[in-house]
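One structure is given below, encoded as structure tokens.
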Amino acid sequence: MTALAVVGHVEWVDFLVAPRLPAPGEILHADSAHEAPAGGGAMAAYAMASLTGGCAFYCALGEDPRAGRTAALLTEAGIDVRGAVHRGREQRRVITFLTSGDGERTITVLGPRLVPHGDDALDWDALRRVDGVFLTAGDAGAARAARGARVLAATPRAREAIIQAGIAVDVLVGSRDDLGEAMDDELLAAARPRYVVQTEGAEGGAWRAADGTAGRWDAVAPACAPVDAYGCGDAFAAALTAGLAAGRSIDAACALGARVGARLLCERAPAVGDLSPLW
């Protein structure tokens with residue numbers, strides 16, 4: 001079995017399902033509401049565990065009831081939670097609109113992000129025995145620990161940690177159209193990625209390698225009317241990481257990510273469904 005992990009963040013998310021976003025000054029009635037631990041790191045961990053049967057999740061947790069529920073629900077989902085409690089901090093909260101009209105997600109963040117630190121009392125040395133890690137957030141120490149894995153993929157959102165840690169990554173993966181995932185020259189020079197992978201939504205996506213080779217993949221049509229797009233990019237990155245860690249080619253790993261991302265479009269976030277048949 002391929003040993004996999006996510007190093008990153010988790011947030012307590014209040015999801016509001018509505019036909020559209022409210023207009024300024026309007027009172028809009030939501031169709032439904034639910035809450036759960038989510039965020040980029042958690043969504044990657046959900047997908048990785050469902051796809052391959054296991055995932056260790058290195059994260060930071062607050063010291064409040066929501067933090068306790070976060071750890072419990074992630075564990076119930078089959079994730080090996082390795083969370084460091086940051087004393088005196090509350091679990092970060094997020095409000096996310098899931099609009100049924102277009103399947104989009106719109107996010108409002110409350111409070112600073114909690115990220116794992118290299119000096120947290122976690123078994124960082126265990127990452128040296130891991131085949132693949134996806135890094136979504138952390139300080140420089142956490143990024144260095146993540147580099148202990150045989151394959152390290154990272155989102156550009158972990159930019160500062162990557163630069164400060166001075167580590168090379170195997171893959172930088174993000175959305176071409178998301179400004180928060182832009183890959184600037186400083187990041188590329190610091191990270192020295194073997195592959196740069198950019199998703200392009202319904203157009204599929206593209207990869208390029210340090211040796212000058214490049215390729216594309218086609219988008220996969222979902223097997224249902226799309227429900228919402230929350231977590232699709234994180235699930236793509238998790239599947240890409242898992243595929244490369246299992247020895248698959250960059251083309252095969254990107255194709256796997258596309259199938260996983262399409263499957264998530266059929267689930268109401270933060271559910272990911274059973275991804276194991278795709279593995």
Side-chain angles (χ1 to χ4, degrees), residues 1-10 38-59 74 77-82 126-138 142-143 145-158 169-175 181 193-199 204-207 209 215 217-220 231-267 270-279:
M1 178 178 172
T2 305
L4 300 165
V6 172
V7 175
H9 62 295
V10 58
M43 290 305 300
Y46 284 136
M48 198 174 274
S50 178
L51 180 68
T52 70
C55 174
F57 184 25
Y58 288 73
C59 60
L74 290 172
I79 297 168
D80 177 8
V81 180
R82 305 187 182 188
L127 291 178
R128 298 178 184 175
R129 301 185 293 276
V130 168
D131 297 302
V133 167
F134 178 47
L135 172 67
T136 75
R147 179 59 277 182
R150 182 169 54 80
V151 172
L152 175 60
T155 170
R157 293 182 183 276
V169 305
D170 295 290
V171 188
L172 269 179
V173 52
S175 168
E181 297 180 0
R194 183 159 54 110
Y195 298 110
V196 170
V197 176
Q198 290 185 293
T199 60
W207 62 266
W217 71 88
D218 294 327
V220 174
C232 290
D234 306 307
F236 173 94
L240 170 71
T241 305
L244 292 175
R248 303 186 190 188
S249 68
I250 183 65
D251 282 314
C254 289
L256 174 64
R259 294 194 297 273
V260 167
R263 182 67 65 86
L264 255 71
L265 282 171
C266 296
E267 301 286 345
V272 300
D274 180 10
L275 301 173
S276 60
L278 304 178
W279 182 240

Can you sort out the partners of D218 under salt bridge (Lys or Arg N to Asp or Glu O under 4.0 Å), two or more places apart, ordered by chain and number?
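If we apply the salt bridge (Lys or Arg N to Asp or Glu O under 4.0 Å) test to D218, skipping adjacent residues, there are no hits.
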Review point. Under the salt bridge (Lys or Arg N to Asp or Glu O under 4.0 Å) test, which residues partner E267, sequence neighbours left out?
Key: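 Result, salt bridge (Lys or Arg N to Asp or Glu O under 4.0 Å) vs E267: none returned.
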When rounded to the nearest 0.5 angstrom, what distance separates SG in C232 from CG in D234?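 Spacing of SG (C232) from CG (D234) equals 9.0 Å.
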Measuring from atom CD1 of I79 to atom CG of L74, what distance do you get when rounded to the nearest 0.5 angstrom?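 Rounded to the nearest 0.5 Å, the CD1-CG separation comes out at 5.0 Å.
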Can you name the nearest heavy-atom pair linking [X] to [Y], along with the distance?
X    : Y    : result
V130 : A3   : CG1-O, 3.3 Å
T199 : S175 : OG1-CA, 3.4 Å
A126 : Y58  : CB-OH, 3.6 Å
G257 : A239 : CA-CB, 3.7 Å
G231 : L264 : O-CD2, 3.5 Å
V169 : A154 : CG1-CB, 4.4 Å

Run R157 and T136 through side-chain contact (heavy atoms from CB on, under 4.5 Å) and show every step you take.
CA-CA 7 Å; R157 293 182 183 276; T136 75; over 6 Å; no
| query | Should E181 and T155 count as side-chain neighbours, where that means a heavy-atom distance under 4.5 Å? | reply |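 A side-chain contact exists here, since the closest heavy-atom pair is under 4.5 Å.
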Could you check if a side-chain atom of I250 sits within less than 4.5 angstrom of a side-chain atom of L240, using non-hydrogen atoms only?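 SC-SC contact between I250 and L240 confirmed.
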For F236, what residues pass the ring pair (Phe, Tyr, Trp, His ring centres under 6.0 Å) criterion, not counting sequence neighbours?
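Applying ring pair (Phe, Tyr, Trp, His ring centres under 6.0 Å) to F236 gives W217.
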Only counting residues at least two apart or in another chain, list the ones meeting side-chain hydrogen bond (donor to acceptor under 3.5 Å, both in side chains) with Y195.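 By the side-chain hydrogen bond (donor to acceptor under 3.5 Å, both in side chains) rule, Y195 matches no residue at all.
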Once side chain to side chain donor-acceptor pair (under 3.5 Å) is applied, what residue pairs with a partner in residues 247-264 remain, sequence neighbours excluded?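 Sorted pair list: W207-D251.
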Between R147 (side chain) and A149 (backbone), is there a donor-acceptor pair under 3.5 Å?
->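 The answer is yes, because a donor-acceptor pair under 3.5 Å joins these two groups.
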Main-chain N/O of A245 paired with R150 side-chain donor or acceptor, under 3.5 Å: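 Checking the backbone N and O of A245 against the side chain of R150, a donor-acceptor pair under 3.5 Å is found.
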Using residues 43-50 as the side-chain source, report each donor-acceptor pair under 3.5 Å to any protein atom, sequence neighbours left out, with the distance given to one decimal.
residue : atom : partner : partner atom : Å
Y46     : OH   : P37     : O            : 2.8
S50     : OG   : G273    : O            : 2.7
S50     : OG   : L275    : N            : 2.9

Return the set of residues passing side chain to side chain contact (heavy atoms under 4.5 Å, CB included) with [X] (not counting sequence neighbours), or none when no residue passes.
X    : result
A242 : L4, L51, T52, W279
R194 : D170
A153 : F134, V171, T241

- State which residue, out of L127, V7, V133, L244, fulfils the side chain to side chain contact (heavy atoms under 4.5 Å, CB included) condition with L152.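 That would be V133.
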